[in-house]
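One structure is given below, encoded as structure tokens.
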Amino acid sequence: MDLDAAVLIEPLSVGTKGAVCTNPALTDHVVVLGAGTIGLSAAAGLIARGMKDVCVVDRDPWRLSIAKELGALTIDTSVEDMNAKLLEYFGPAPAGNTHLEYMDKALLNQFIEFMKKANMLTGKQAPNVDLYVDAAGAALLLQECFNSAKHGTKYSIVAVYGKMLEFAGGNFIRNEPVIRGSTAYDHAVITEVIDHIIKQKTPIKKIVTAKFRLDDFAEAIDTASKADHNIKVIIDYEI
């Protein structure tokens, strides 16, 4: 096994576990929030399984260029509207059977006003996204996804939040989301990741953006802290 790829077993396992812990189908439309090491690993893990409809969302064009090389669709929220772009990629969510046409019009209007006050109506058309994998840790971005999601959408939270997350409570009633956290990895995921790397199912080595000798450890740490053009920085004991 290529050692430069082997050093990615741990982060790729974290990302893959977060991406697959809700058992997505190969035909699912998946959005990964964040194009850092874990977000790109999550996208790569899904693509390695043969999934075609994987989109990575971030604000950094350079990081998104790596996501494209891995085989993902991308959205740059610094210049693109996420909801509009997801509708372009995946289309609108199928309409549910609400039977509102049978309701008294005055009562229906009261019901709609209540929905608006409860933040259950955002005015946005829901994109046909089956799963969001949050590796960004950006509360406002996750809330935007939550408030414009279709019924039954799944959420896997890999990012670590240092504060409480708030969502419109009415959407839990209307959309019946499935939300779960993901941490670390297990034997099955590690085995899957090793197979991914050995068979080069994706060019995952693209996320290794710098390599240093052990003697240059301080420089490596400084480089890793500059997130604008670095993703995964490694120490190579053999150089």
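- Within the structure, salt bridge (Lys or Arg N to Asp or Glu O under 4.0 Å) pairs that include any residue of residues 195-204 comprise D195-K199, D195-K201 (at least two apart or interchain).
- Side-chain atoms of T202 and H196 include a donor-acceptor pair closer than 3.5 Å.
- Looking only at distances, a side-chain donor or acceptor of S156 sits under 3.5 Å from a matching main-chain atom of G18.
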Salt bridge (charged side-chain N to carboxylate O under 4.0 Å, His left out) assessment of K226 paired with D222:
CA-CA 7 Å; K226 299 170 182 175; D222 181 61; 3.1 Å; yes
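- If you take CG on L33 and CG on L141, they are separated by 4.5 Å, rounding to the nearest 0.5 Å.
- One finds the CG atom of L12 at 11.0 Å from the NZ atom of K232 (value rounded to the nearest 0.5 Å).
- Side chains of S148 and N83: a donor on one and an acceptor on the other come within 3.5 Å.
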Before giving the answer on side-chain contact (heavy atoms from CB on, under 4.5 Å), spell out for M1 and I9 the whole-Å C-alpha distance, their side-chain angles and the decisive distance to 0.1 Å.
CA-CA 11 Å; M1 181 186 293; I9 289 175; 4.1 Å; yes
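- With hydrogens and angles ignored, the 3.5 Å screen pairs no side-chain donor or acceptor of T16 with any backbone N or O of S13.
- Checking V30, T153, D28, D53 one by one against D130, the side-chain contact (heavy atoms from CB on, under 4.5 Å) holds for a single residue, D28.
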Candidate pair Y185 and E10, rule side-chain contact (heavy atoms from CB on, under 4.5 Å), full reasoning
CA-CA 9 Å; Y185 33 81; E10 198 276 339; 3.3 Å; yes
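- Using a 30° and 60° split on the angle between ring planes, F146 and F167 fall in the tilted class, from 30° to 60°.
- Taken from CD1 in I179 to OG1 in T22, the straight-line distance is 12.0 Å, to the nearest 0.5 Å.
- No hydrogens or angles considered: a donor-acceptor pair under 3.5 Å links the side chains of Y161 and D134.
- To the nearest 0.5 Å, the span separating SG on C21 from CD1 on I157 amounts to 9.5 Å.
- Remark: side-chain polar atoms of K85 are not paired, donor with acceptor, to backbone N or O of I75 under 3.5 angstrom.
- No side-chain donor-acceptor contact under 3.5 Å links N175 and K150.
- With rounding to the nearest 0.5 Å, the separation of CD1 in I234 from NZ in K205 is 9.0 Å.
- Pairs passing the salt bridge (Lys or Arg N to Asp or Glu O under 4.0 Å) check and including a residue from residues 54-77, sequence neighbours excluded, read E69-K206.
- In this structure, L140 places its CG atom where only 12 or fewer heavy-atom neighbours from other residues, nucleotides or ligands lie under 6.0 Å away.
- Applying the 4.5 Å side-chain rule to ILVMFWY residues, one finds that V178 remains a lone member of its cluster.
- Going from atom CD1 of I207 over to atom CG of L70 covers 7.5 Å, rounded to the nearest 0.5 Å.
- Distance alone, capped at 3.5 Å, places no donor-acceptor pair between the D236 side chain and the K211 backbone.
- By the 30° and 60° cut-offs, the orientation of the rings of Y155 relative to Y132 is parallel.
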Go through it in stages, so that I can follow the logic: the residues are K17 and D186, the test is salt bridge (charged side-chain N to carboxylate O under 4.0 Å, His left out), and I'd like the CA-CA distance, side-chain angles, deciding distance and then a yes or no.
CA-CA 8 Å; K17 163 83 177 306; D186 54 30; 5.4 Å; no
